[in-house]
Amino acid sequence: MGRAAVTRRPVVVLGVIGHDIHVVANRILAIGLAEHGFHAVNLGTNTEVDDFLDAARETGAAAVLVSSINGEGEQACAGFGARLAEAGLAEVVRYAGGNLVIGHRPSAEVERIFTGYGFHRVFHRPSDLTGMFTALRHDLGHVAA
Amino acid sequence: MGRAAVTRRPVVVLGVIGHDIHVVANRILAIGLAEHGFHAVNLGTNTEVDDFLDAARETGAAAVLVSSINGEGEQACAGFGARLAEAGLAEVVRYAGGNLVIGHRPSAEVERIFTGYGFHRVFHRPSDLTGMFTALRHDLGHVAA
Amino acid sequence: MSLPDRDARLTDPAALAAERDAVLGGSGLEPAAARDHLAGLPERRFASYAYRNRPGRPYLQPRGGFPSLAKQRLLTEALAEAGADFIPLTVDSHTRHNDYPAAARLLARGLAEDRDLLNGYPLISHGHLATRELYRQLDRPVSLRHGTPDARLLVETALAAGITEIEGGGLSYTLPYSDRYPLDRALGHWQYVDRLCALTGPAGLPVHRESFGPLTATLVPPVITVVVQLCELLLAAEQGVTSFAVSFGQTGSLEQDLAIARVLRATGSALLSRFGFAEVELRLVYHQWMGAFPDEPALAWQLIAVGALIGRLAGVDKVVVKTPDEATGLPSVASNAAAVRAVRYALELAPHSEGITSEVVEEEADLLASEVNQLLAHLFEHPAPTFLQSVYRCVLSGAIDVPFAPHRDNRAALVPDRAAGRQIRILDPGAVPISEEDQRRERKLLGSRLPADQPLWQRLLRDVRLLA
Amino acid sequence: MSLPDRDARLTDPAALAAERDAVLGGSGLEPAAARDHLAGLPERRFASYAYRNRPGRPYLQPRGGFPSLAKQRLLTEALAEAGADFIPLTVDSHTRHNDYPAAARLLARGLAEDRDLLNGYPLISHGHLATRELYRQLDRPVSLRHGTPDARLLVETALAAGITEIEGGGLSYTLPYSDRYPLDRALGHWQYVDRLCALTGPAGLPVHRESFGPLTATLVPPVITVVVQLCELLLAAEQGVTSFAVSFGQTGSLEQDLAIARVLRATGSALLSRFGFAEVELRLVYHQWMGAFPDEPALAWQLIAVGALIGRLAGVDKVVVKTPDEATGLPSVASNAAAVRAVRYALELAPHSEGITSEVVEEEADLLASEVNQLLAHLFEHPAPTFLQSVYRCVLSGAIDVPFAPHRDNRAALVPDRAAGRQIRILDPGAVPISEEDQRRERKLLGSRLPADQPLWQRLLRDVRLLA
Ligand code: B12
Ligand code: B12
């Protein structure tokens, strides 16, 4: 489960993908990750797939959280899982979250699309983050609080 | 068309039927009828079918306008045409108007019900009265303005 | 002089008992039933208790009444779950006019045809025991909403069913709600209701009374609204009621709403002390726009939100909620619950903003106070033997005149109009005793009249449908 | 000293022409195209003209941009028909970041798949001629809505398409709208845009500029909002712009909104006279709540209505309208049009109520004026050579600090918080030069902090989603 040693705080890379500048959730996520015992590596806004790959490789990240809020996600996140695998990072846990598509589309459809992109979990317009933190702990087998 | 002589202002009886106290439209209708050259005989609110029959007979009315706003109309107006006919008033023009049923029902259905009750024209939740005054002039063959 | 007085209280137990027997005759309702039932209810089921513990926001209360028990239960649960602080029981119009046979007939036919043939809950037809079951698990007060000149049996039944707030009054439930019910008889019947409410609640948990402020909801000048409320406050206090809410409807003018709230509370408290009724707990209730609503839900939601905000700015104790279905017909359970959630949300958008005012508000409050004091003086100096008689004669004389009231005894000489800023003005006071000075102020504030560009019926319709 | 000054105007025609050639290179757009097209437009297509003839209510303007011409035409017609006074052209985020290839690619793919793959209208991809056709029959101004550090080509294209109101500025379209675009370069590009707007309109019908007041729409203290607006007003005036709207977003506090409206108008006018720009026509624009919206449409409608009412009470010249789809995603044409009808209706519910105030409003206005004057003094006394340089260095030093700005140059040392009455307070000013006295007033008005009952991330999320 992830290349990071369990004792050391697992590294989680997060960022907002595309020409997206919505930073509020990103800042809150970064604080929450720290409070849940993770080491957050925050790429901030206006990121690209390669930024996530580089950061994941350099920091030995256990997980990558990709945020998209302005609707560009459906394009920007295509093939994300495959790109990670190519870079030898297939083991890294991948979440997508935010307002993942343009306009109003059924959540089930959005989840299908992003799961198809290779994300392990998809959080389309969740009103809270508690579920995600719990899932992350579970997926990284990390129990330290 | 109607027993009233054309030269004399045609008599129109109006009232709000049932335990209905909504008077605002009734007052406005009475004023509008006068302004359109009719002689309005206003029964006011809380009326019954017999009140309309008596007034129509006593005043030689050319038309009877039955208003129902509080939703009781569907019960109170049943068989109105037949009652008029029994009283020898089959010639009298009959309109129903207001908020004619309880709750939200398609206008077409409401019009069908009240036409079935013997009304010549049905005005379910009209936002204006111009249409009704024009129809009344036409139906009473009355041209004096 | 005919000043409000404790001695007007119906204290002769035998006379009251006799009248109760007559009222209850054949209803199967025992005289002690209500008192016993209320004595067993938890505090939180009492409106008077709720008002003493109001959190930092106005309470909110929807309207609603369906013919069948099943649907009324569904509505009750949905409204409670949506966050209504008071639960309504809105009574149908047949029952309001004491036509219990028609109510029972249409209830039965409706159940058979699985259709709603009544525009409210036929409380007498269902009776107090079935109605009690609706509220078995309820954790908040129930309010009786109706429009009934003779509400004696209705209120006896409501109290026995566990309802602890009774809306209405001799003027406010007769002039707008009937065309020929004898006004003096109605005033007497409401003395009975007030006396019953004063005697039926357990110690320290009085049955709460609320007058109906909106009246005809159509161009009612604030002085008439306020004086009718004060009359019913004093008539109830005379009978020993100790928890009373005066109320008013949204006028369409932010400034007049703020002015009415201020003058109504202040004058109400002053009169209670002046006439020895200081023990009465006085509350203020605000009805969201009671006039014609817009058809389109998006617009109706705007009117509902602005009404909620004004209620908050006016610092009222309770807001009575309208639904987006208002222009269409009786609201569905879903739209009524959505309206409760929406108003509860809107009320939080301007917390702690009660200090809001303006020069226009101060002027409206000053003019209103002056007009109210003149009309009260006329009432109190009336040669009638009792305050109730003075109130009755002031309606007959036109001193109290409610525009658009269907009632034959209402003089209807007062001509109201609406200024460009939406304030309701007095164009012609009729027989309402308003000083020359205040009449001049009213006309000045009305400003130039629009040219009569349309026939009168169209101008009237346009005025009445101003917010539709 | 680095005071705003006419001499800062980019008056060298050759230099400007050279830069324009570089910007327009390959776009197929002739330098004179915009000037010629605007010269042929009727007065009513000019925002500056519309503002001079505003009826007795605020104007209203929705947002909206679809990728395809066909759908943008549908939206434009629907919004005009619904009663929008200004028509929006909201640009997609790729174009905002000058990634024209991505915008063109996704436009083409979207048209092929009959799907919207852009969150706005790709103005550069469509070009000025196709865009002109959208507005051929239009009888009212079009406003460019975007969020673009380098908007030079975008604005050249917009003006040539007949758009006569340009939103944005070097600070307000860089700090909230990008993470690393060099701020000094962006400020320079917006001098270009201001100069272009000053030169392109026909005589007497200047192109109108509007700054973006809401910034990050997340706990931005009023002093920051006001000073950023005043900086962009003065920077535009330096370049010869003569019709400018300062703007601000609904704060969540009725009192602060009224205070900001008052201080922003007053200080703006005073500065224009003080620095010799008296010819500038100053307008005030109010954005309905720009933070997280509630999911449920019924609640969203309440927030929209209260925003409309506050805009009316604040006496603003234009309200920018939100839709009930805000929390969900880009609004449909139908819901955008419904929002326009709703706000137009709500704006009429309190006509002539501009005099509304309260002790809390007066205190907020007094504190805000004091904080604004201190920060302006710091700006004007800065040793930088030009006003633009002073503005730039004040951001780097943290004297101007925008909470939740993604931009790397934003100091983010200022810690804001929200009082129980919903006012936005300064908990820690960071490097923003606020006097000890005013810092004390801010903390006193904040009142006791809620105990840290939850982890910080949850408290932050709760604060940010206060109205969601
Ligand atoms: C504030 C705001 C802005 C601010 C942003 C300030 C800043 N720099 O952050 C400003 C005004 C600058 C802005 C600009 C724009 N915005 Co904006 N904005 C909003 C708004 C009102 C609130 C967003 C917010 O901060 N919410 C609070 C935070 C805490 O929640 P959140 O971001 O919604 O995220 C939640 C969940 O999604 C989750 N989450 C988020 N990321 C992740 C990641 C993971 C891994 C997980 C598990 C969960 C998760 O966490 C939060 C929990 O509540 C929303 C509408 C709304 N929500 O009401 C529109 C909205 C997001 N914006 C939108 C758009 C389109 C834009 C623009 C692109 C406009 C345009 N057409 O170009 C520009 C941005 C340009 C660009 N280059 O990206 C759209 C997106 C449309 C869509 N997806 O279909 C929205 C939905 C508005 C709308 N209805 O049109 N915006
Ligand atoms: C003001 C009002 C009141 C006032 C009435 C004051 C008075 N004495 O007149 C008060 C507050 C007292 C009141 C009481 C009640 N009301 Co009421 N009331 C309204 C309200 C808000 C406006 C009505 C109004 O005056 N409109 C202005 C006038 C000019 O228009 P109008 O009456 O709608 O009539 C228009 C057309 O129908 C047409 N028209 C009317 N009659 C006729 C006749 C003819 C021949 C023609 C051609 C046209 C026509 O003319 C008008 C043109 O615009 C409506 C809801 C709305 N419309 O927004 C509810 C409403 C009519 N009331 C309603 C109800 C149920 C009641 C009560 C019965 C409550 C109850 N459950 O018992 C009580 C009445 C008790 C009783 N005994 O009847 C319901 C009716 C429900 C239904 N039909 O499904 C409504 C629709 C509210 C609702 N959504 O629940 N009400």
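Order of the sequence lines fixes the chain letters, A, B, ..., with proteins taken first and strands second; residue numbering starts at 1 for each chain. Predicted model only: the values in this text are computed from it and were never measured.
Contact annotation for D:Ile356: both backbone and side-chain heavy atoms come within less than 4.5 Å of a heavy atom of chain C. For D:Ile310, no part lies near chain C; criterion is any non-hydrogen pair under 4.5 Å. The contact between C:Glu296 and chain D is made entirely by side chain atoms (from C-beta outward), counting heavy-atom distances below 4.5 Å. Using a 4.5 Å cut-off between heavy atoms, D:Ala300 does not touch chain C at all.
The greatest number of non-hydrogen atom pairs below 4.5 Å with chain D, out of C:Arg344, C:Glu348, C:Glu354, is found for C:Glu348. Residue with the most contacts toward chain D among C:Leu309, C:Leu349, C:Leu254: C:Leu349 (heavy-atom pairs, distance under 4.5 Å). For the set C:Ala342, C:Ala346, C:Ser358, the entry with the most heavy-atom pairs within less than 4.5 Å of chain D is C:Ala342. Ranked by heavy-atom pairs shorter than 4.5 Å toward chain D, the options C:Leu303, C:Ile304, C:Val360, C:Leu466 are led by C:Leu303.
Remark: the C:Asn336 side chain and the C:Thr323 side chain contain no N/O donor-acceptor pair separated by less than 3.5 Å. Between the side chains of D:Tyr59 and D:Asp317, not a single donor N or O lies within less than 3.5 Å of an accepting N or O. Side-chain contact check for D:Arg63 and D:His287: at least one donor-acceptor pair (N or O, by modelled atom type) lies under 3.5 Å. Checking D:Gln423 against D:Thr251 by side-chain atom types alone, no donor-acceptor pair falls below 3.5 Å.
Atom CD of D:Glu81 is surrounded by 12 or fewer heavy atoms from other residues, nucleotides or ligands within 6.0 Å.
Of the options D:Arg441, D:Arg425, D:Arg422, a salt bridge (charged side-chain N to carboxylate O under 4.0 Å, His left out) to D:Glu364 is made by D:Arg425 and by none of the others.
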